[in-house]
Structure formats: C-alpha cells, structure tokens
Amino acid sequence: MPARETPLKRLGNWIVQVLIGIDQFVYVLLAGPYYLIVGGICPSADETISSRVGRAAMAGAWWGKPCAWLIDHLFMLLGSKPGHCARAIETAFLGMAPK
C-alpha cells in the first residue's frame with residue numbers, strides 16, 4: 001500500500017495545479033487578440049506559456065530562443081533542471097506528466 005501524502009504535500013500539489021491553470025489562462029488571454037486579428041490556430045486552453053515558447057524556439061521563431069532561455073533560467077533559479085520549455089511541450093502535447 002502506498003504511503004499517504006501529508007496535508008502539506010497535498011497543499012503543495014494543489015498550489016502547483018492552480019499555478020498551471022493560471023498560466024494556461026494567461027496564455028489564452030495573451031494569444032487571443034493575435035488570433036482574432038491575424039488568424040491562424042486558435043490558442044489552446046491546455047497549453048502553457050512555457051510550452052508555446054518551447055514550440056516557437058524549436059520552430060526557429062526569432063523570439064522563441066531568447067524567451068525560452070529566460071524562462072528556463074527563471075525555473076532553474078527555482079530549482080528546476082535545464083530545459084523547462086522543452087519538457088513543457090511534452091507535457092502539453094504528448095499527455096505526459098510534468099517532470
């Protein structure tokens with residue numbers, strides 16, 4: 001039988017999910033006007049800012065690599081390993097759990 005999570009651990013898990021939800025909401029708010037004016041693919045409510053930036057960096061968009069570098073380094077300051085934006089793509093589009 002797996003060990004029970006402590007209330008503090010459950011609180012931490014919940015806070016992470018709330019922050020991810022806020023990130024997804026902000027992405028749709030920021031990408032929506034561009035979509036309305038220019039067109040293209042409708043922003044997905046399942047995508048985070050990090051995964052969108054990671055996709056842009058992989059596609060060679062002029063703004064993708066500098067933004068990915070900045071986000072990756074911010075997350076490294078918070079204790080994450082390098083490559084946050086690339087891992088966010090896997091999470092958003094391959095249905096994998098965040099690493």
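Throughout, residue positions are numbered sequentially from 1 according to the sequence presented. All heavy atoms count here, side chains included; hydrogens, waters and symmetry mates do not.
- Applying the ring pair (Phe, Tyr, Trp, His ring centres under 6.0 Å) test to residues at least two apart or on different chains, the pairs with a partner in residues 46-83 are W69-H73, F75-H84.
- Scanning all heavy atoms of the two residues, the minimum distance from G54 to I89 falls at C-CD1, 3.2 Å.
- If you take OG on S50 and OH on Y27, they are separated by 12.0 Å, rounding to the nearest 0.5 Å.
- Put simply, the side chain of N13 reaches to within 4.5 Å of the side chain of K9, judged on heavy atoms.
- Not a single donor-acceptor pair under 3.5 Å links the side chain of R55 to the backbone N or O of G64.
- Side-chain atoms of R52 never come within 3.5 Å of backbone atoms of E47 as a donor-acceptor pair (strictly under, hydrogens ignored).
- Residues Y35 and I37 fall into different hydrophobic clusters, defined by Ile, Leu, Val, Met, Phe, Trp and Tyr side chains chained together at heavy-atom separations under 4.5 Å.
- For D23, there are no side chain to side chain donor-acceptor pair (under 3.5 Å) partners two or more places apart in sequence or in a different chain.
- Note that CD1 of I49 and CD1 of I22 are 11.0 Å apart. Values are rounded to the nearest 0.5 Å.
- Put simply, the side chain of D72 does not reach to within 4.5 Å of the side chain of P82, judged on heavy atoms.
- Other residues sharing the hydrophobic cluster of L29, ordered by chain and number and joined by side-chain separations under 4.5 Å: F25.
- The number of heavy atoms from other shown groups lying within 6.0 Å of CE (M76) is above 12.
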field: Test log, rule side-chain contact (heavy atoms from CB on, under 4.5 Å), inputs L78 and S80
entry: CA-CA 6 Å; L78 296 172; S80 181; 5.8 Å; no
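- C85 contributes atom SG, which lies 11.5 Å from atom NZ of K65 (distance to the nearest 0.5 angstrom).
- Linking ILVMFWY side-chain heavy atoms closer than 4.5 Å, directly or via other members, places V53 and I20 in two distinct hydrophobic clusters.
- With rounding to the nearest 0.5 Å, the separation of CG in L19 from CD1 in I15 is 7.5 Å.
- Hydrophobic clustering (ILVMFWY, side-chain heavy atoms < 4.5 Å, transitive): L8 and W14 are in one cluster.
- The hydrophobic clustering, which links ILVMFWY residues whose side-chain heavy atoms are closer than 4.5 Å, places V26 and I71 together.
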